[in-house]
Amino acid sequence: MTVDADVLVVGGGPAGLATAIEARLRGLTVTIVEPRGGAIDKACGEGLMPGALPALARLGVDPPGFALRGVSYRSGTSRGAERRVDHLFSSGEGRGVRRTALHDALTERARSLGVVVVAGKVDALEQDAHSVTAAGIRARYLVAADGLHSTVRRLTGLERPVAARGRRYGVRRHYHAEPQSDLIEVYWTPTVEAYVTPVGGGVVGIAMLGRKGIDFDAALAGIRPLAALVAGAEPATELRGAGPFRQSTGRRSHGRVLLVGDASGYVDAITGEGIRVGLAQAEAAIASIARDDPKSYEKEWMRRTRDFRVLTAGLVAAANSPARGAIVPAASALPHVFGAVVDRLAR
Ligand SMILES: Cc1cc2nc3c(=O)[nH]c(=O)nc-3n(C[C@H](O)[C@H](O)[C@H](O)COP(=O)(O)OP(=O)(O)OC[C@H]3O[C@@H](n4cnc5c(N)ncnc54)[C@H](O)[C@@H]3O)c2cc1C
């Protein structure tokens, strides 16, 4: 059997590029199919949790950004006394990294290792006992990293329906402004959570998460410290949104097709760790391919995503419930619990 590559990666976002680098580090040949050119941008809070940095370093990637020492939850309304709780990461620093800078760093490393990137979009695939073919490329395995609205997930029947009730979305914009702190600040209002993440170079990203139809400017105006931060500051980017977040899968592989990153199922951006989890999934997927045992990926996927699935889903349930307003007061009353959860997710 002749194939064009050992691994065909669908999607050249962070999870796809990390998968391709992992494959090359194990001596496998790789082609990525990605429709978008240049430094790919995306709506994201851009906070890399401490656990993401050693995972990137293992791949030989060290993106530029702004060192982040922890997370600060704050009550975000203009009325009443501000409640807040800060926690410094116990496992080292995280980093605020512009998506375009992360993409450039991953792409440069992938290209230096001989990863082939082809412009194209996968809309169909075929597989037999020995290979998978998509976008005219035949490979021994296909890893789908095509994001929240994965086409491959749908084509392989791995997608599971998600209830429309409680759907959440995100929207972000950057500003030319000096950072106010080296913590990821999260302002909780009755309708949104607003994440402030410095990304270096005098640029600060603000991402808001909430129900459909987030009014970014109105929410910003209602959070006094953020209104002050952006007063007179030039926006550095346009508003960009994504969602709905919740995407579900029954299994993570189908024959020779494996799902990684948001394509493999996503809970929510509320705990800001999609990239860290995607890197862990990329490593596990390629390890199972290197063993020629794609079925073993499922167990590793379950293990490596457990905290994200359980803790993130729990926080989203609280955020969507009448107890929403009690989250910051409870976290500030129980700082050790808050710190333990942050550290658990930051690993
Ligand atoms: C508002 C918001 C805030 C967030 N904040 C954070 C945060 O602070 N920290 C964090 O770690 N994570 C955060 N996340 C999550 C993070 O952005 C995602 O988990 C991450 O982008 C997933 O990477 P990915 O490579 O799986 O998917 P993506 O980055 O979406 O990449 C998918 C790629 O696949 C390509 N593609 C799509 N369809 C096809 C096709 N049919 N054929 C070929 N290619 C295709 C796309 O062009 C894209 O380049 C946030 C997300 C949002 C929306």
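Everything numeric in this text was worked out from a predicted model, so none of it was measured. Counting starts at 1 for both ligands and their atoms, in listed order.
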Quiz item: Are any of the side-chain heavy atoms of Phe308 and Glu273 separated by less than 4.5 Å?
Solution: yes

Exercise. For Glu108, look at atom CD and say whether over 12 heavy atoms of other residues, nucleotides or ligands are found less than 6.0 Å away.
Key: no

Exercise. State if Leu148 counts as touching ligand 1 under the rule of any non-hydrogen atom under 4.0 Å.
Key: no

Practice problem: May I ask you to list the atoms of ligand 1 that are less than 4.0 angstrom from any heavy atom of Ala242? | Solution: 53 (C)

Quiz item: For ligand 1, which atoms have a heavy atom of Val10 less than 4.0 angstrom away?
Solution: 42 (N), 43 (C)

Practice problem: Around atom 46 (C) of ligand 1, find the nearest protein heavy atom and jot down its residue, atom name and distance. | Solution: Glu34 OE1, 3.5 Å

Quiz prompt | Shortest protein contact, atom 27 (O) of ligand 1 (heavy atom only) | solution = Gly147 CA, 3.7 Å

Exercise. Test the Arg168-Phe245 pair against the cation-pi criterion, namely NZ or CZ under 6.0 angstrom from the six-membered ring centroid and within 45° of the ring axis.
Key: no

Quiz item: Looking at atom 44 (N) of ligand 1, what's its closest protein heavy atom, distance included?
Solution: Pro35 CD, 3.2 Å

Quiz item: Quick one: which ligand 1 atoms are inside 4.0 Å of a heavy atom on Ala15?
Solution: 24 (P), 25 (O), 26 (O)

Self-check item: ligand 1 N/O within reach of Gly120 N/O, cut-off under 3.5 Å
Solution: no

Quiz item: Closest non-hydrogen protein atom to atom 32 (C) of ligand 1, residue and atom name please, with distance?
Solution: Ala145 O, 3.4 Å

Quiz item: Any N or O on Cys44 sitting closer than 3.5 Å to an N or O of ligand 1?
Solution: no

Quiz item: Looking at Glu273, which atoms of ligand 1 are within less than 4.0 Å of one of its heavy atoms?
Solution: 10 (C), 11 (O)

Quiz item: How long is the span from the CD1 atom in Ile275 to the CG atom in Asp262, to the nearest 0.5 Å?
Solution: 9.0 Å

Quiz prompt | Leu209 N/O to ligand 1 N/O under 3.5 Å | solution = no

Exercise. Within a distance under 4.0 Å of any heavy atom of Arg99, pick out the atoms of ligand 1 and give their elements.
Key: 16 (C), 17 (O), 20 (C), 21 (O), 29 (O)

Quiz item: Is Arg256 salt-bridged to Asp128, going by a charged N under 4.0 Å from an acidic O?
Solution: no

Quiz prompt | Closest protein heavy atom (residue, atom, distance) for atom 38 (N) of ligand 1 | solution = Asp146 CB, 3.6 Å

Exercise. Identify the protein heavy atom lying closest to atom 9 (N) of ligand 1, giving its residue, its atom name and the separation to 0.1 Å.
Key: Gly47 O, 2.9 Å

Quiz item: What protein heavy atom is closest to atom 50 (C) of ligand 1, reported as residue, atom name and distance in Å?
Solution: Ala269 CB, 3.7 Å

Practice problem: Determine, using ring centers only, whether Tyr73 and Phe338 are less than 6.0 Å apart. | Solution: yes

Practice problem: Return yes if some donor-acceptor pair links the side-chain N/O of Arg304 with the main-chain N/O of Ala284 below 3.5 Å, else return no. | Solution: no

Practice problem: Starting at CZ of Arg69, measure out to NE2 of His87 and round the result to the nearest 0.5 Å. | Solution: 11.5 Å

Quiz item: If you count the atoms of ligand 1 from 1 in the order shown, which ones are under 4.0 Å from a heavy atom of Gly261?
Solution: 26 (O)

Quiz item: Would you say Arg309 has more than 12 foreign heavy atoms packed within less than 6.0 Å of its CZ?
Solution: yes

Quiz item: Measuring from the heavy atoms of Tyr195, does anything fall under 4.0 Å of ligand 1?
Solution: no

Quiz item: In the protein, what heavy atom is nearest to atom 42 (N) of ligand 1, and what distance, to one decimal place, separates them?
Solution: Val122 N, 3.0 Å

Quiz item: At what distance, to the nearest 0.5 angstrom, does CZ of Arg99 lie from SG of Cys44?
Solution: 4.5 Å

Quiz item: Is a side-chain N or O of Arg109 found less than 3.5 angstrom from the main chain of Leu59, in a donor-acceptor match?
Solution: yes

Quiz item: Is the shortest distance from a Lys or Arg side-chain nitrogen in Glu46 or Arg95 to a carboxylate oxygen in the other one below 4.0 Å?
Solution: no

Self-check item: Identified side-chain contact (heavy atoms from CB on, under 4.5 Å) counterpart of Leu209 within the set Asp268, Val316, Val192
Solution: Asp268

Self-check item: Close N or O approach (Lys121, ligand 1; < 3.5 Å)
Solution: no

Quiz item: In terms of atom number and element, which parts of ligand 1 are under 4.0 angstrom from non-hydrogen atoms of Ala43?
Solution: 2 (C), 51 (C), 52 (C), 53 (C)

Quiz prompt | Min heavy-atom dist Asp123 to ligand 1 below 4.0 Å | solution = no

Quiz item: Within the distance-only criterion (no hydrogens, no angle test), does the side chain of Thr29 pair as donor or acceptor with the backbone N or O of Asp6 below 3.5 angstrom?
Solution: yes

Self-check item: Contact check: Gly170 vs ligand 1, nitrogen or oxygen atoms, below 3.5 angstrom
Solution: no

Quiz item: In ligand 1, which numbered atoms sit nearer than 4.0 Å to a non-hydrogen atom of Glu46?
Solution: 7 (C), 8 (O)

